[in-house]
Amino acid sequence: MKNISRRSFIRNSALISAAALGSSSKTEARSEQPLSDERFGMLVDTTLCIGCRRCEWACKEAHKMANQPVDSYDDRSVFNSKRRPSTKALTVVNEYPNPADASKPTDVKVQCMHCDHPACVSACIVSAFKKKENGAVVWDGSRCIGCRYCMVACPFQVPAYDYDKPIQPEVRKCDFCYDRISQGKLTACAEICPAEAITFGKRIDLIGVARNKIKLYPERYKNHVFGESEVGGTSWLYLANQDFDKIGFPKLGQSPAPGVSESIQHGLFAYFVPPVALYALLGGIMWLNKRKEHSDKEE
Ligand code: SF4
Ligand code: SF4
Ligand code: SF4
């Protein structure tokens, strides 16, 4: 709740600022890049997920984050509330009622969706977020200035900010196990999933697999692959037996996440300061932050 209210505050402040600065500019803020058909994706079949949360455990292990013994993830009391990814957990599993079978709830893994047209990338004024050719959206801490526009812009409310590190900004989110997949390995969550609820592969193939499942088992699945076209498409794709808005997904259109990120950038570029001055200002802030961090370390 603390994170959500902070996020709401930041979102409102940014929207007000963007509105005050003016959002009608024609300035181009988003740079489009061609997407490779070879890019990877992940398909989550929520009808197979058993809510074991091993994916949560494996994700933390793979990212060397503070972790609990794997057995502690059997505690199902966590499903009493809905959780969001955070700086302490890049992915979480939530549970929802299953209208088809009350004895088997629907478990849904949540993390960054790795959008094909990521709002976090277009919102970030120092290019700390990048969409990689393999489909991953990654964050570069050496560039980040901690403005948190990415948090405001993300339609899935994913990027989490480490408020314990105000000097060296740290934004955390699922990185698609970028290092692992670059070495030809599976993502940690797909590798450990005992129910084969997560499939890693080429996104284009996964859409085929999902469509085929819907065709073969129309009574089992809703005729909707979430992420195939939402906000212009995402690398993570989901199948379910009920409407996605009943299991925690936002209702989104097919256009890439509009509005906020571009409003912020349009406002900045059109009415605030020219880009060169802006980058000089941001560079100064980064330099001061690093200098302070350095002197704190020396002390
Ligand atoms: S889900 Fe949010 S953080 Fe992840 S790529 Fe999309 S816009 Fe960026
Ligand atoms: S892809 Fe990697 S970083 Fe993302 S949720 Fe799975 S294990 Fe975590
Ligand atoms: S490891 Fe697989 S079955 Fe277990 S909670 Fe995660 S996605 Fe579901």
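When a ligand or atom number is given, it counts from 1 through the structure's own listing order.
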Checklist entry - Applying a 4.0 Å heavy-atom criterion (strictly less than), which segment of Cys150 is in contact with ligand 1: side chain, backbone, both, or neither? => result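 None of Cys150 does.
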Checklist entry - Is it the side chain (CB and beyond), the backbone, both or neither of Met42 that lies under 4.0 Å from ligand 2, heavy atoms counted? => result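 Side chain only; the backbone of Met42 stays clear of ligand 2.
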Next on the checklist: Tell me whether Lys82 forms a cation-pi arrangement with Tyr96, defined as NZ or CZ under 6.0 Å from the six-membered ring centre and within 45 degrees of its axis.
Outcome noted: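 Checked: cation-pi criterion met.
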Checklist entry - Run the side-chain hydrogen bond (donor to acceptor under 3.5 Å, both in side chains) check on Asp45 and Tyr221 step by step: do they pass? => result CA-CA 9 Å; Asp45 185 338; Tyr221 298 107; 2.5 Å; yes
Enumerate the atoms of ligand 1 whose separation from the nearest heavy atom of [X] is less than 4.0 angstrom.
X	result
Cys115	1 (S), 5 (S), 6 (Fe), 7 (S)
Phe156	1 (S)
Pro155	7 (S)
Val137	5 (S)
Pro159	3 (S)
Lys173	3 (S)
Ala119	7 (S)

Please list, in number order, the atoms of ligand 2 under 4.0 Å from a heavy atom of [X].
X	value
Thr187	1 (S)
Asp175	3 (S)
His63	2 (Fe), 3 (S)

Next on the checklist: Please check if the number of heavy atoms outside Ile50 that lie under 6.0 Å from its CD1 is greater than 12.
Outcome noted: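 More than 12 within 6.0 Å, yes.
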Item to check | Whether over 12 other heavy atoms sit under 6.0 Å from Glu196 CD | outcome: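 At most 12 heavy atoms, drawn from other residues, nucleotides or ligands, come within 6.0 Å of this atom.
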Item to check | Ring geometry between Phe176 and Phe200 (parallel below 30°, tilted from 30 to 60°, perpendicular above 60°) | outcome: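 Phe200 vs Phe176 ring planes: tilted.
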May I ask you to test the [X]-[Y] pair for a side-chain heavy-atom distance under 4.5 Å?
X	Y	value
Arg143	Lys130	yes
Cys189	Lys109	yes
Arg53	Val78	yes

Do side-chain atoms of [X] reach the backbone of [Y] as a donor and acceptor pair under 3.5 angstrom?
X	Y	value
Arg54	Cys193	no
Asn94	Arg83	yes
Glu230	Gly227	yes

Item to check | Residues in contact with ligand 3, criterion: heavy atom under 4.0 Å | outcome: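 Ligand 3 pocket, heavy atoms under 4.0 Å: Cys49, Ile50, Gly51, Cys52, Arg53, Arg54, Cys55, Val93, Cys193, Pro194, Ala195, Ile198.
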Item to check | Nearest-0.5 Å distance, CE of residue Met65 to CD of residue Glu56 | outcome: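 Met65 atom CE to Glu56 atom CD measures 11.0 Å (nearest 0.5 Å).
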Checklist entry - Is Cys120 close enough to atom 6 (Fe) of ligand 1 to have an N, O or S atom under 2.8 Å? => result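 For Cys120, the answer is no, given that no N, O or S atom comes within less than 2.8 Å of atom 6 (Fe) of ligand 1.
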